[in-house]
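Read the structure below first, then the notes.
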Amino acid sequence: MKKIFYLFFAALLFSIYSCADSEKDSSGNEQSSGTTDFNKRYGVKSAIVEYTITGSQSGTKTLYFDSWGMRQAEYTNSVLQVGNFSKNINLVNIVKADSNYIIDLERRTGTRTKNPVKKLIAELQNQKSFGEFGEQILLKAGAMKVGQEEFLDKDCDIYEIQSTGTKMWIWKWIPLKTITKLGGVEINSVAKKIEVNVNVPEEKFTPPDDVTITEVDLDDIENQLRQQTK
């Protein structure tokens with residue numbers, strides 16, 4: 001079951017890290033702008049994206065963000081089923097200010113870590129700029145652009161991360177479709193509806209009052225997962 005948890009956690013981490021916007025020249029090719037705007041995770045100011053999850057994990061997910069993605073909340077309600085193993089997943093992942101919250105809404109418990117996006121900004125802004133923030137994040141994750149395709153009437157760039165068996169259809173640096181295959185497990189997250197430049201209720205970015213929050217070092221979690229999957 002270790003590979004299953006690694007697969008789910010890898011998908012969760014990517015939803016945190018995926019960011020920025022892209023520029024294209026008149027021929028449709030991506031070009032370097034010479035500067036990087038670290039205040040924009042996505043190419044639209046706000047959005048609500050509803051996904052259907054199928055495969056080894058089935059259910060729904062909704063992504064909410066405003067402030068160009070600097071505040072984000074992702075709500076997942078699904079069941080992970082592999083052979084005789086089954087686990088209910090009712091999670092919310094909130095990223096805002098200096099914090100990242102991952103909360104189990106069934107157990108009413110959660111963790112608080114440092115905002116991983118801010119850590120990435122600190123790492124990347126001292127490097128020589130070579131284009132958009134989203135491009136830098138994808139390259140850092142080991143992604144390669146492999147094509148383009150229209151999805152939900154949006155022109156998407158397709159990226160692959162071979163190490164995690166992940167293929168993504170990305171529009172304005174928002175993942176609209178993600179297929180992840182690892183160790184015989186397949187999880188598909190496909191957007192069925194997207195609303196852009198909308199008002200997102202403040203409550204979506206606020207952890208519930210009755211949840212017990214524990215401080216956790218995200219770097220330690222990643223190191224433990226790497227050790228467990230060797």
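Being a predicted model, the structure only gives us computed values, none of them experimental. Throughout, residue positions are numbered sequentially from 1 according to the sequence presented.
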For [Y], does its backbone N or O pair with a side-chain atom of [X] as donor and acceptor, under 3.5 Å?
X: Asn115; Y: Ala97; value: yes
X: Ser56; Y: Glu186; value: yes
X: Gln57; Y: Gly59; value: no

Tell me, please, which residues at least two apart from [X] pass salt bridge (Lys or Arg N to Asp or Glu O under 4.0 Å).
X: Lys154; answer: none
X: Lys118; answer: Asp98
X: Glu203; answer: none

For this session: Among Trp68, Phe65, Trp171, find the one that has a ring pair (Phe, Tyr, Trp, His ring centres under 6.0 Å) with Tyr42.
Result: Phe65
Exercise. Rounded to the nearest 0.5 Å, what separation is found between the NZ atom of Lys172 and the CD1 atom of Ile194?
Worked result: 10.5 Å
Exercise. Going by atom types only, do Lys61 and Ser189 share a side-chain donor-acceptor pair under 3.5 Å?
Worked result: yes
Exercise. Taking only residues two or more places apart in sequence or in another chain, which ones pass ring pair (Phe, Tyr, Trp, His ring centres under 6.0 Å) with Tyr51?
Worked result: none
For this session: Mind checking side-chain hydrogen bond (donor to acceptor under 3.5 Å, both in side chains) for Asp153 and listing every partner two or more places apart, or none if nothing turns up?
Result: none
Seminar exercise, completed: Sequence neighbours excluded, the answer for side-chain hydrogen bond (donor to acceptor under 3.5 Å, both in side chains) partners of Thr212 is none
For [X], enumerate each residue passing the side-chain contact (heavy atoms from CB on, under 4.5 Å) test, keeping only those at least two apart in sequence or located in another chain.
X: Asn39; value: Asp37
X: Asp210; value: Arg108, Pro208
X: Glu202; value: Arg71, Thr206
X: Thr54; value: Thr52, Asn188

Exercise. Passes side chain to side chain donor-acceptor pair (under 3.5 Å), Glu74 versus Asn93? Steps please.
Worked result: CA-CA 5 Å; Glu74 189 174 81; Asn93 179 22; 5.0 Å; no
Problem set entry | Heavy atoms from other residues, nucleotides or ligands near CG of Asn197 exceed 12 (cutoff 6.0 Å) | yes
Seminar exercise, completed: Using a 4.5 Å side-chain heavy-atom cut-off and chaining through intermediate ILVMFWY residues, the residues clustered with Tyr101 come out as Ile48, Tyr64, Tyr75, Val92, Ile94, Ile103, Leu105, Val198, Val200, Phe205, Val211, Ile213
Exercise. Apart from Met144 itself, what residues make up its hydrophobic cluster, given side-chain heavy atom links below 4.5 Å?
Worked result: none
